[in-house]
Engineer: 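Please read through the structure below; I'll follow up with questions.
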Amino acid sequence: MKRLLFLIISFVFVISFTLSGCSDPDRKGELREFLSANEDAYEEAFLEPECEFSSFIDYIKLWAEANSVDVAFEGKHSLVLKNNASKGFDSEPDCVLMCSFNTTDAPSSKIVVATAQTALLGPVEHGDISLAIIEHTGARLTGIEELPVEYLAADNLINLNTGSNNNILTSGPVAAACSFRNTGEFKETTYAQAFAITMSMPEYTDPYDFAKGKSFPNPINTIGGFLASSKSAGKLFDIASFESKDHNGYTPYYAKAVIVVDSNNIESFNSRFEKSYDNMESKFEDLEAEFEYTMEETDMPKNVLSDDVSGNLVSLMYTLNTGTCLQDEETGLIYAASYLKSISTEKGSLNLKMGLRTRGESYLDSLSAEYETTAGLCSTDYNFKKTGRLWRTDEKSSLVTFFTGCVPQQNQAESAVSLRNYENDLIAADLPDEDMIIYTFEKGDRKTVLENITNFLDPSVQKQ
């Protein structure tokens with residue numbers, strides 16, 4: 001690996017040496033060549049899908065040294081490079097460029113990382129420019145959780161991501177959390193045999209990433225749906241417990257229900273589980289991911305949930321509307337979505353929590369009203385807590401007006417909002433007044449993206 005990096009960095013150094021401060025249109029062509037060189041070097045260095053972030057940091061640090069760029073911060077999951085302001089331009093607005101490196105799919109990160117690297121050196125004259133490169137572990141935003149906030153504070157922040165279209169996101173979603181609670185007491189069971197139904201998966205998943213082939217089944221929904229369908233088919237069983245494990249902001253990766261089945265229903269119960277397993281196996285085969293989903297005999301529990309709590313739990317699993325809750329059939333734009341965050345039956349009571357995200361207040365209120373009705377029908381207490389909009393940048397800011405002016409927006413009020421988890425959600429918690437956007441772009445348009453960012457960072461262009 002070290003020998004390979006030496007050869008690559010030698011190649012990059014030659015390219016960086018020729019990147020000079022020539023005028024348009026020579027500069028435009030020069031930047032495009034430099035972008036291609038960065039992509040080629042990146043592709044040579046990272047051929048395999050998986051890569052340790054430490055190896056990637058070593059590569060970027062060599063690149064930075066060859067291009068006289070300072071390393072401002074180095075962490076286990078993040079790296080910040082800085083291109084100091086040109087002489088006489090210290091008072092110009094500073095900017096943070098941000099991009100991610102996916103350690104489970106390194107080649108897919110090539111386009112956005114190479115574009116960000118080139119943009120860091122793009123303008124001849126500029127204020128301070130930083131490049132924050134953060135690690136993604138699958139879908140989990142590992143790097144942004146580590147990066148000190150002072151390295152993100154700037155007049156402007158541009159988060160670069162590839163996507164299925166070119167878009168400028170200027171706002172996060174309106175978010176909320178709700179819970180369904182049913183207090184009760186344990187009872188003794190009259191049924192014969194206990195089983196533990198368990199589902200787990202090793203990968204972090206973003207519950208609001210609805211891209212085809214990326215939507216992982218939710219273990220709570222999977223087991224809960226199995227129990228609900230079994231109850232509706234007349235199978236006799238008690239629920240002793242139902243618990244889950246999750247990472248904040250992500251779909252639960254583990255769930256386990258312990259049930260006690262009537263002796264006359266054991267064979268048919270096993271048969272129904274086999275069908276449920278086959279369904280999950282088909283989904284995970286399409287996702288090319290590992291999973292565990294088992295139903296195994298276990299020790300008899302001392303007690304089980306009361307009939308009221310057990311019945312209401314099953315009713316919720318059968319009735320609750322989760323996933324994509326409101327979507328435009330023509331455009332495919334999702335207006336409201338939710339997911340089951342956690343479930344617990346500690347001390348015989350049910351506590352089910354959900355996460356909600358919508359594009360606007362009215363959609364959130366409508367979805368909450370639906371859940372309140374569902375709670376009433378299932379005889380459970382309902383609690384709703386609105387978080388508010390996770391982040392928003394003033395539409396009149398220079399950052400927004402520039403990029404919405406050069407990147408055509410359709411149905412801007414709706415398309416400018418993202419339901420997905422992005423770093424901006426966490427950044428805004430510490431820097432609520434910072435102007436920032438998310439710039440998603442098709443890989444074929446990366447050269448235009450580079451030009452747009454370079455023009456924004458160049459004071460001479462801004463003052464024209």
Engineer: Once side-chain contact (heavy atoms from CB on, under 4.5 Å) is applied, do any residues pair with Leu377, and if so which ones, sequence neighbours excluded?
Structural biologist: Thr373

Engineer: For Thr137 and Glu135, test the side chains for any donor-to-acceptor distance below 3.5 angstrom and give the result as yes or no.
Structural biologist: yes

Engineer: For a quick check under 3.5 Å, do Asn84 and Asp70 share a side-chain donor-acceptor pair by atom type?
Structural biologist: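 There is such a pair between these side chains.
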
Engineer: If you round to the nearest 0.5 Å, how far is SG of Cys178 from CG of Leu364?
Structural biologist: 9.5 Å

Engineer: Rounded to the nearest 0.5 Å, what's the gap from SG on Cys406 to CD1 on Ile168? Could you check?
Structural biologist: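 CD1 of Ile168 is found 6.5 Å from SG of Cys406.
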
Engineer: Is the distance from the ring center of Phe216 to that of Phe291 below 6.0 Å?
Structural biologist: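 No, ring centres 6.0 Å or more apart.
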
Engineer: Apply side chain to side chain contact (heavy atoms under 4.5 Å, CB included) to the pair Glu74 and Ile57, showing each step before the final yes or no.
Structural biologist: CA-CA 8 Å; Glu74 179 181 347; Ile57 284 180; 3.7 Å; yes

Engineer: If only atom types and distance count, is the side chain of Thr401 paired as donor or acceptor with the main-chain N or O of Ser398 below 3.5 Å?
Structural biologist: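 Pair found, side chain donor or acceptor close to backbone of Ser398.
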
Engineer: Ignoring hydrogens and angles, state whether a donor on the side chain of Arg181 or Thr380 is under 3.5 Å from an acceptor on the partner side chain.
Structural biologist: no

Engineer: Can you list everything that forms a side-chain contact (heavy atoms from CB on, under 4.5 Å) with Ser362? Sequence neighbours excluded, please.
Structural biologist: none

Engineer: As an exercise, state the distance from CD1 of Ile144 to CG of Leu152, rounded to the nearest 0.5 Å.
Structural biologist: 4.5 Å

Engineer: Working to the nearest 0.5 Å, report the span between OG of Ser100 and OH of Tyr422.
Structural biologist: 9.0 Å

Engineer: Tell me, which pairs form a ring-ring contact (aromatic ring centres under 6.0 Å, His included) where one or both residues lie in residues 101-154, sequence neighbours left out?
Structural biologist: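 Sorted pair list: Phe46-Phe101, Phe56-Phe101, Phe73-Tyr151.
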
Engineer: Taking side chain to side chain donor-acceptor pair (under 3.5 Å) as the test, write out the residues that go with Asp94, two or more places apart.
Structural biologist: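 Partners of Asp94 by the side chain to side chain donor-acceptor pair (under 3.5 Å) criterion come out as none, since no residue qualifies.
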
Engineer: Under a 3.5 Å cutoff, is there a donor and acceptor pairing between the side chains of Asn161 and Arg420?
Structural biologist: no

Engineer: Would you say the rings of Tyr382 and Phe180 are close, in the sense that their centroids are separated by under 6.0 Å?
Structural biologist: yes

Engineer: Identify whether the distance between the nearest side-chain nitrogen and carboxylate oxygen of Glu361 and Lys386 falls below 4.0 Å.
Structural biologist: yes

Engineer: Could you give the distance from OG (Ser342) to CG (Asn351), rounded to the nearest 0.5 Å?
Structural biologist: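 Spacing of OG (Ser342) from CG (Asn351) equals 6.5 Å.
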
Engineer: In the structure I gave you, are the side-chain heavy atoms of Tyr439 and Asn452 within less than 4.5 Å of one another anywhere?
Structural biologist: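 They are in contact (side-chain heavy atoms under 4.5 Å apart), so the answer is yes.
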
Engineer: Ala114: which residues meet the side-chain contact (heavy atoms from CB on, under 4.5 Å) condition with it, sequence neighbours left out?
Structural biologist: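 Only Leu35, Asn38, Glu39, Gln117 meet the side-chain contact (heavy atoms from CB on, under 4.5 Å) criterion with Ala114.
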
Engineer: Quick check for you: to the nearest 0.5 Å, what is the distance between Ser109 atom OG and Ile133 atom CD1?
Structural biologist: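 Separation between the atoms: 10.5 Å.
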
Engineer: Would you please name every residue forming a side-chain contact (heavy atoms from CB on, under 4.5 Å) with Asp445, sequence neighbours left out?
Structural biologist: Asn166, Glu442

Engineer: Indicate whether the side chain of Ser418 and that of Tyr208 have a donor and an acceptor atom separated by less than 3.5 Å.
Structural biologist: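 The criterion, which ignores hydrogens and geometry beyond distance, is not satisfied for Tyr208 and Ser418.
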
Engineer: For residues Thr345 and Glu243, is any side-chain donor paired with an opposing acceptor at under 3.5 Å?
Structural biologist: yes

Engineer: Answer yes or no: is there an ion pair linking Lys353 with Asp246, defined by an N-O contact shorter than 4.0 Å?
Structural biologist: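 Asp246 and Lys353: not salt-bridged.
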
